[in-house]
Novice: 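Just passing along the structure, written as structure tokens.
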Amino acid sequence: MKKLNIVVLAKQVPDTRNVGKDAMTAEGTVNRAALAAIFNPEDLNALEMALALKSQIPGTTVHVLTMGPERAEEILRDSIFRGADGGTLLSGREFAGADTLATSYALTCALKKLNPDLVVAGRQAIDGDTAQVGPQVAGKMDLPQVTYAEEVVEIKESTLVIKRRLERGVETVECPVPAVITVNGTAPDCRPKNARRVMRYKNMPLTVWGAADVDPDMDQLGLNGSPTKVKKIENVVFRAKECKRMTGTDTEIEGMMKELIASHTIG
Amino acid sequence: MNSVFVYIELEGRTPAEVSLELLTKGRELATTLGVKLEAVVLGHGLDGIEKELQHYGADVVWVADDKELAPFRTLPHTSILCGLIEQEQPQIALFGATSIGRDFAPRVSAALKSGLTADCTELVIGDHADAKGNEYKNLLYQIRPAFGGNIIATIVNPERRPQMATVREGVMKREHAKGHGPAEVKAIDYKKWLRGEDLVVKIIDRHIEAREVDLKAAPVIVAGGYGVGSRDNFKLLYELAEMLGGEVGASRAAVDAGFTEHCRQIGQTGVTVRPHLYIACGISGQIQHTAGMDGSSMVISIDKDPDAPIHKIADYAIVGDMNEVLPKMVKYYKQNSK
């Protein structure tokens, strides 16, 4: 295969997996400031897949594209320390309030400028778990897509053979490039930061693009470009319920098991 | 009137469980709106497929039968469904939140520029007024957990059609539509929408495993969290589950820690279950987990932390060590069951 210009789509996300006690305010709302911002885990799997292709196909470059506030630069630099060649941040208030469709539109505008041969993204981000942006980007770019990719099994002249992890099995497909691949969390973990690269690239300038840099149709960006609207947000409140509290003594457990048997909850 | 579409996913030639659940919900929505419920089936060897679908209330079954359409591939299914949606203009289109639905529903939404809400836990018809004073009648309220499950959001698509949503398997109930007549079968004139380039991705090999762990059908689930401590300690859960005729489930933290397999994961990012009895061991009870089990008829929580949120939704809250409590449950079950 000829050298590829790969663009990895990545996102900086609040670490929703570690929502501790201080992550909720006294009123029961989410305290976003208390959540660490991390590299979305499956985007790291995607970066690794791209870097592995770079090492197998001479001349291949890996560029990381993200959309977010200024601090999202952190994951671009992190990517470069791990082996990426460069990064672009798409940032600006025009992009704010975007749902998945408006997000994928903005990313597509930027991708058209970067003109990739292959787009690789994580399957989904942990703050939304929608898994929509990858396929929506593929649709807007009119490129074939391979979702839930776990491994590039073979690199052929003009196609990639890719193993996909489905809910109940695996599927191997052959897909021509250019294409969009979304990578599953079961794919290999990303290589660590390289100390030499950290020294060398810690001050490397990154590209920051605003809306004007990517020639968008403004009606398709941000809140305006989002067909889905949030009607209502409810903070989750645990329901109160009549409850028997116990410490697990023999008498208590025996009583409980008898009640469960008597009520036919267990046979 | 603009109908309700349900995309029917196939396992071989059988409609998937989630699709029948969506037909049941779709029937309810269509009846509320006074419109038809229409099922869309794309596959091969589909003779008689309408029979099962009409039991669940489909008024119309759209069929495209071609060897290129099975097994599922993203591009052909996207092109045909987009064509049919543009032709028929449904107001709602529902998909399973499965490997298939989550793969191509976003692509369909991108092509049609319509909104898609992932992993809805509830779908209801209702009215909406926006901040500018525009009023909308009979929108689809798409209700889903967000932000790691710490909030529940109601999403609407006021302007664009169809209003699209995905729903996970096991979230909606499956029920025959009583007294529902035969469905009208309509052939989709799909060839005009199928492009040559839709066939560029080739399936080389495919292994679909029969479902080994069926959490959703289990009457009793013994679930373990990070607090179980090790893969070895999970053996106690298996022992109790087997004795009670149940299955072992797990929180995401326990799966991530490698205590048990991913297919046992319960919660927002795993399976949703509603057993008769749910025994939560060493699970703190964050909403990401409880979203997948709070429909259980009865809950026993076992956790050392007296303040663990799981105790608040339990019928029996045991503040203690599961390594001591589970053997007692086994012992007293044996003594008292017939």
Side-chain angles (χ1 to χ4, degrees), chain A residues 16-17 19 24 30 99-101 104 126-132 135-136 138-140 144-148 161 166-176 226-236 238-241 243-248 250 253-254 256-258 260-261 265-267, chain B residues 74-75 98-99 102-103 106-107 109-111 113-119 128 147-148 150-160 200-209 211 220 244-245 269 276-277 286-287 298 309 312-320 324-325 328-329 332-333 336-337:
Chain A
T16 55
R17 295 174 309 175
V19 177
M24 300 301 278
V30 180
D99 69 0
T100 63
L101 195 73
S104 59
I126 59 169
D127 58 343
D129 286 331
T130 72
Q132 288 177 1
Q136 285 176 332
K140 288 189 179 296
Q145 70 191 48
V146 178
T147 49
Y148 327 121
V161 179
L166 308 179
E167 280 158 316
R168 277 173 225 147
V170 291
E171 184 177 271
T172 307
V173 299
E174 183 171 348
C175 180
S226 300
T228 64
K229 308 287 179 199
V230 177
K231 177 174 172 58
K232 195 170 74 173
I233 292 282
E234 286 167 85
N235 290 295
V236 172
F238 290 105
R239 68 199 151 107
K241 191 169 164 181
C243 165
K244 289 188 186 172
R245 277 187 94 89
M246 48 181 80
T247 54
D250 281 69
I253 301 289
E254 179 161 26
M256 178 179 79
M257 295 313 277
K258 281 181 175 169
L260 292 176
I261 292 165
T265 304
I266 53 178
Chain B
T74 312
L75 299 178
T98 58
S99 297
R102 284 162 67 88
D103 173 87
R107 193 151 179 140
S109 90
K113 293 187 180 143
S114 51
L116 170 63
T117 306
D119 297 344
H128 174 64
F147 210 75
N150 295 289
I151 57 179
I152 302 288
T154 301
I155 311 289
V156 290
N157 306 353
E159 299 289 346
R160 314 270 183 83
V200 294
V201 177
K202 311 274 184 227
I203 297 176
I204 295 175
D205 190 29
R206 211 159 178 273
H207 293 284
I208 300 302
E209 293 137 15
R211 199 177 320 197
V220 176
L244 299 177
T269 53
H276 297 312
L277 176 62
Q286 289 188 6
I287 181 68
M298 186 169 287
K312 297 200 178 95
I313 60 164
D315 300 271
Y316 295 91
I318 304 172
V319 180
E324 290 162 21
V325 174
K328 286 181 191 171
M329 289 174 71
Y332 291 113
Y333 177 77
N336 291 289
S337 68

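Chain letters run A, B, ... following the sequence lines, proteins first, then strands; residues in each count from 1.
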Novice: Does any heavy atom of chain B fall under 4.5 Å from the side chain of A/Ile233, the backbone, both, or neither of them?
Specialist: both
Novice: Would you check if there is a donor-acceptor pair between the side chains of B/Ser109 and A/Gln136 at a distance under 3.5 Å?
Specialist: yes
Novice: Heavy atoms only, distances under 4.5 angstrom: which of B/Arg102, B/Met329, B/Glu324, B/Arg107 has the most pairs with chain A? Name it, please.
Specialist: B/Arg107
Novice: Please round to the nearest 0.5 Å and tell me the distance separating atom CE of A/Met257 and atom OH of B/Tyr332.
Specialist: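 Taking CE in A/Met257 and OH in B/Tyr332, the distance rounds to 11.5 Å.
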Novice: So what's closer than 4.5 Å to chain A heavy atoms on B/Asp103: side chain, backbone, both or neither?
Specialist: both
Novice: Chain B: which of A/Asp99, A/Val170, A/Val146 shares the most heavy-atom pairs with it under 4.5 Å?
Specialist: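 Going by pairs under 4.5 Å, I would pick A/Val170.
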Novice: May I ask you to name which of B/Thr117, B/Leu75, B/Thr98 has the most heavy-atom pairs under 4.5 Å with chain A?
Specialist: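 Option with the top pair count is B/Thr98.
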Novice: Which one wins on heavy-atom pair count under 4.5 Å against chain A: B/Ala317, B/Gly320, B/Ala111, B/Ala118?
Specialist: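 Of B/Ala317, B/Gly320, B/Ala111, B/Ala118, B/Ala317 has the most heavy-atom pairs under 4.5 Å with chain A.
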Novice: Between A/Leu260 and B/Met298, is any pair of side-chain heavy atoms under 4.5 Å apart?
Specialist: yes
Novice: Does a side-chain heavy-atom distance below 4.5 Å link A/Thr247 with B/Ile318?
Specialist: no
Novice: Find out whether B/Asn157 and B/Ser114 are in side-chain contact, i.e. whether some heavy atom of one side chain is under 4.5 Å from a heavy atom of the other.
Specialist: no
Novice: Is A/Lys258 close to chain B through its backbone or its side chain, or both, or neither, when contacts mean heavy atoms under 4.5 Å?
Specialist: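 Side chain of A/Lys258 only, per the 4.5 Å heavy-atom cut-off to chain B.
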Novice: Tell me, out of A/Ala131, A/Ser226, A/Pro135, who's got the most heavy-atom pairs with chain B below 4.5 Å.
Specialist: A/Pro135
Novice: Using non-hydrogen atoms and a 4.5 Å limit, figure out which bit of B/Thr269 sits close to chain A: side chain, backbone, both or neither.
Specialist: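 It is the side chain, since no backbone atom gets that close.
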Novice: Could you look at B/Val220 and say if it's the side chain, the backbone, both or neither that has a heavy atom under 4.5 Å from chain A?
Specialist: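 Contact with chain A involves the side chain of B/Val220 alone.
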Novice: Do A/Cys175 and B/Val200 have side chains that approach each other closer than 4.5 Å (heavy atoms only, starting at C-beta)?
Specialist: no
Novice: Holding to side chain to side chain contact (heavy atoms under 4.5 Å, CB included), I want the full list of residues that pass it with A/Val161, two or more places apart in sequence or in another chain.
Specialist: A/Val153, A/Glu154, A/Lys156, A/Thr172, A/Glu174, B/Ile204
Novice: Taking A/Lys244 first and then B/Asp315, would you say they form a salt bridge - that is, a charged N and a carboxylate O separated by under 4.0 Å?
Specialist: no
Novice: Of the backbone (N, CA, C, O) and the side chain (C-beta and beyond), which part of A/Thr147 lies under 4.5 Å from a heavy atom of chain B, both, or neither?
Specialist: both
